[in-house]
Enquirer: 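Let me begin by handing over the structure; questions about it come next.
Order of the sequence lines fixes the chain letters, A, B, ..., with proteins taken first and strands second; residue numbering starts at 1 for each chain.
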Amino acid sequence: MLLWMAVFVVIPTGILMVYSFCERGQETLVSYTFTFENFARVFRGTEIWPLIRTILQAAGLGLGAAFLSEWKYRGASWREWVSTVRSVGIPAFVIALIWILWSSLEEVFTGTYVRIFARSVYYAGGTTLLCVIIGYPVAYFIGRANPARRNQLLTLVMIPFWTSFLIRTYAWITILSESGLLNSLLQYTRVIEEPVSMLYTPGAVVLGLVYTYLPFMILPIYGSVEKLDNSLIEAAFDLGAGPIRAFQKVIIPLTKPGIIAGVLLVFIPSIGMFAITDLMGGKTVPMIGNVIQNQFVGQGRDWPFGAALGMTMLLMFAVAFWISSRKRSGEAVMG
Amino acid sequence: MNRRRFIATTSAAAAAFSLPAHAAKKETLNIYCWSEYIPQSVIDAFGKQMKVKVNVENYASNEEMMAKLQAGSAKYDLIQPSEYIIEELIKAGKLEELNGANIPNTKNLEAKFTKMPHDPEGKYSVAWMAGNVGIVVNRTKIKDPIKSYTDVFQDKYKKRIVVLDDNRELVAWALASLGVGINDITVENLEKAKGVLEKWLPLVKLFDSDSPKTALLNGDVDLGIVWNGEGAKILEEAKKSKRRKLEFEYILPADGAHMFIDNLAIPKGARNRDVAEKFINFVLEPKVSVEVWEEFPYTLVNAEGVKLLKPEQLKNPASFPPAESKLETFKMIPAEMSAAIDKLVTDLKNK
């Protein structure tokens, strides 16, 4: 186990870290002179004030929402207030934050690379959300089907993996292009007069990402659904829960490990994906994966800076993971 | 350019570990070349004739090749860099001198493609093919006259344009449109180029160096600034297409176009130099050079080969630019300037 960790995790990350503090050499790729410049460049141009303002705005909206919902019980105790802020305020804060970022990403993130990071998180987040929305019902349906059907259905999910990923992406290009299958079909059926631009748009990127990573969402959720004990659901119904309540209070919590695994399996690779953004997005808005790739094998040719970008991404994940796992263990204690 | 196809990146990664150890009996030749630039038939014919085992690895950009060479992990016998990279490699002492006696067929080359400024004595490199970067217009969609870069980047063509995904190219076009030399890359000139690119880049729908012809032929874009080999293929395809009426035009920008010359060279420390020289001599055979050209119609540099072409083949304006065209090659620039170019374009793309 230790050896495995050393070979696949510690050593590559160590090399990355060493490179990220080096300078770009004139004739060699990396010259071993210590510098912070690469990390400084990642964050250069980022103004802190728009970020703080955004968070304050969202927090204000969140508190406002909590205040409004509590307005009717004017004499509420301090404890009740805290619980309202937790149950109403925090979701309202998150929604407000997402909404502000959606409408003015460029103004909030002023540095080029920080903006690229933010945009990548955005695309990957959207992809993950869509994968959950589409993948959950599919996984549930497969998991609840009778065992003989189940294997057939799972095979259907896996079949696309038998072809090369690049070929599948090129197939999407032929479908979405202006003289492609979809546009021809829509024109033939008179839904549209002129071909619509579908390829090389942000929508095409998200479509490509969802298509590629959907099985990674379906399979872990399926694993949880399959293990789901039917008697627990029946018990929920017996105790008077309707279908929605049973789903919300019993099925979702029991399949949560599958959802979390699926979210991680979709979010992490899609944030660094560069092939789909290249081929289906037209490269007009680079994602972090494209930028890193460009520094290593592209024209940037600045390995230390690429390593610094990679390290920043790694740190970002580590922090996010640490926060979420702390939160989960906190919930476990309170629950 | 087809050769710069993305697949190359992945296949190169997959092939990285596949170089076999020195084969004991049969001679080997390890070629590291652009994807879709040396036809498989030519490689097979050479292997058969000389009884040599040929291993081919591909790259998609000069920069990718340089990264691999600098990393020093693999040993190649033959590489295929563009002129400004040859200049850089010679300066760094990274190329082996060629033994002229083994390559008598250099006499077949057109004189202007020998002893060029990047290798004045022709000691280190032999021209493979030349090319240029020009404008392709879909004439079924766009009737207006298009002569220069500025004609392409007009607001009315917003999101109807494909350009090469090549930062140095972009900057060169902006400089040319301002009447500045494409090699005068200074901090002040980059600042001027920035003003131009700021207006140009938002109009672009697609950045593609691998296969810009796909988007043009599919009708996803109507204008393109692409490699001439891609342009020549588009003109050919358009002639062949019967189902849809397609009409394309290839135009060399009046403000000055970039010309590139790709070369064959032997990197320092190559193990099979003799075989590599045999290969260079082999592809300089007029017939072989025509075979290459027919598959990848860039500008043929082999004078004896040109004589074998049919008159209508010589008429393809993308492959053979008119003699009076304003063409210029790239010169080597210092690392900090290429970093500045990279930063400039990345910043602008994220505006």
Enquirer: What do you reckon, is NZ of B:K331 surrounded by more than 12 foreign heavy atoms closer than 6.0 Å?
Expert: yes
Enquirer: So B:D342 and A:N294, do their side chains get closer than 4.5 Å, heavy atoms only?
Expert: yes
Enquirer: Is it the case that atom NZ in B:K159 sees more than 12 heavy atoms from other parts of the structure closer than 6.0 Å?
Expert: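 Check passes, neighbour count above 12.
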Enquirer: In terms of heavy-atom proximity below 4.5 Å to chain A, should B:M66 be classed as side chain, backbone, both, or neither?
Expert: side chain
Enquirer: Answer with side chain, backbone, both or neither: which region of B:T346 has an atom nearer than 4.5 Å to a non-hydrogen atom of chain A?
Expert: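 Answer is both: backbone and side chain atoms of B:T346 are under 4.5 Å from chain A.
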Enquirer: Among all residues two or more places apart in sequence or in another chain, which pass the ring pair (Phe, Tyr, Trp, His ring centres under 6.0 Å) test with A:Y213?
Expert: A:F216
Enquirer: Look up atom OG1 in A:T284 and atom CG in B:L203, then write down how far apart they are to the nearest 0.5 Å.
Expert: 12.0 Å
Enquirer: I need the minimum non-hydrogen distance between A:F296 and B:A67, along with the two atoms involved.
Expert: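 Shortest heavy-atom contact: O-CB, 3.9 Å.
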Enquirer: I'd like to know whether NZ of B:K141 has more than 12 heavy-atom contacts from other residues, nucleotides or ligands below 6.0 angstrom.
Expert: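 Yes.
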Enquirer: Step through the shown structure and confirm whether more than 12 heavy atoms of other residues, nucleotides or ligands are within 6.0 Å of CE on A:M17.
Expert: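 Open.
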Enquirer: Hey, are A:T112 and B:N350 close enough side-chain-wise for a donor-acceptor pair under 3.5 Å?
Expert: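 Absent: no donor and acceptor within the cut-off.
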Enquirer: With sequence neighbours excluded, what pairs up with A:Y200 under the ring pair (Phe, Tyr, Trp, His ring centres under 6.0 Å) test?
Expert: none
Enquirer: Name the option with the most non-hydrogen atom pairs under 4.5 Å to chain B; the candidates are A:V30, A:I116, A:L176, A:D302.
Expert: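 It is A:I116.
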Enquirer: Taking CZ in A:F34 as the centre, count heavy atoms belonging to other residues, nucleotides or ligands within less than 6.0 Å. Is the count above 12?
Expert: yes
Enquirer: Can a salt bridge be assigned to the pair A:E178 and B:K205 using a cut-off of 4.0 Å between side-chain N and carboxylate O?
Expert: yes
Enquirer: Nearest 0.5 Å, what's the CG-CG distance between B:D208 and A:D278?
Expert: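 B:D208 CG to A:D278 CG: 8.5 Å, rounded to 0.5 Å.
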